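Letters A, B, ... are given to chains in the order of the sequence lines, protein chains preceding strands, and every chain is numbered from 1. The shown structure was predicted, so the numbers you read here are calculated from the model rather than taken from an experiment. Below, each value reflects all heavy atoms present in this structure, side chains not excepted, and no hydrogens, waters or symmetry copies.
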Amino acid sequence: MRYWLMKSEPSEYSIDDLQRDGHTVWSGVRNYQARNFMRDQMRVGDPVLFYHSSCATPGIAGLAEVSALAYPDESQFDPDSDYFDPRATRAAPRWFNVEVQFKRKTRLMPIAELRQYPELATLRILAKGNRLSITPVDPEEWKFILRQLD
DNA sequence: GCCAACGTTGGC
DNA sequence: GCCAACGTTGGC
């Protein structure tokens, strides 16, 4: 089992939206590294930190769980979608998505707080220049974060 | 295969 | 709104 952190702009899709929906299709990822994580490594039941990005106070906002293995992202085939990709075909899909299930909301743990813990020095999203919307979280990092959230 | 130009991300 | 950092594109 692997642990993950998934970013979402709350103005697009927030932890409250996920709570309301119960689960969601994580479509629209158009970065190869993030796609590969979903397609090659994510398994049903993997725990997920739900992170709010590009907002007033970015940070961890809740917990979720992978609820479906990766399969082709429908939006790549839809000419009306912002995520349409003319290079993709049904025979050779280019983009994949998993599904994610709501677990619970947490207190907001801001990125400024995350940066203060030496235990989280290796957390991927804190690395300089990091832009990946999906990153693995080490078991030790996961345990430490959960302890701070309770 | 190189690399400059461009677009995007995302914290501040 | 700024800008550093990064990924992608496309000409050569």
[N] [atom2] sits how many Å from [X] [atom1], rounded?
| X | N | atom1 | atom2 | value |
| --- | --- | --- | --- | --- |
| Y83(A) | dT8(B) | OH | P | 12 Å |
| F37(A) | dG7(C) | CZ | C1' | 15 Å |
| I125(A) | dT9(B) | CD1 | P | 17 Å |
| I134(A) | dG10(B) | CD1 | P | 11 Å |
| L132(A) | dC6(C) | CG | P | 11 Å |
| E12(A) | dT9(B) | CD | C1' | 13 Å |

query: S27(A) versus Y83(A): any side-chain heavy-atom pair under 4.5 Å?
result: no
message: Are E9(A) and S54(A) packed together at the side-chain level, in the sense that at least one heavy-atom pair is separated by less than 4.5 angstrom?
response: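 The answer is yes; the side chains approach within 4.5 Å.
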query: What closest approach, in Å, do A88(A) and Q76(A) show between heavy atoms, and which atom pair accounts for it?
result: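 Taking A88(A) first and Q76(A) second, the nearest heavy atoms are CB-OE1, 3.2 Å.
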Interface with DNA chain B, restricted to residues 107-122 of chain A and to heavy atoms under 4.0 Å: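 Contacts with DNA chain B under 4.0 Å: I111(A), R115(A).
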query: Under 4.0 Å: is that the gap between some side-chain N or O of Y32(A) and OP1 or OP2 of dT9(C)?
result: no
- prompt: Does the distance from a Lys or Arg side-chain N to an Asp or Glu carboxylate O, for E65(A) and R104(A), drop under 4.0 Å?
  reply: no
- prompt: According to the interplanar angle, ranging from 0 to 90°, do the rings of Y13(A) and F50(A) count as parallel (below 30°), tilted (30 to 60°) or perpendicular (above 60°)?
  reply: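 If you compare the ring of Y13(A) with that of F50(A), the planes turn out tilted.
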Between protein and nucleotides 2-5 of chain B, what N or O pairs are separated by less than 3.5 Å?
none

field: Minimum-distance nucleotide to R87(A) side chain [options: dG7(C), dG11(B), dT9(C)]
entry: dT9(C)
field: Single-linkage hydrophobic cluster L132(A)~I134(A), side-chain heavy atoms < 4.5 angstrom
entry: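 Yes; tracing contacts between hydrophobic side chains, which count when under 4.5 Å, links both residues.
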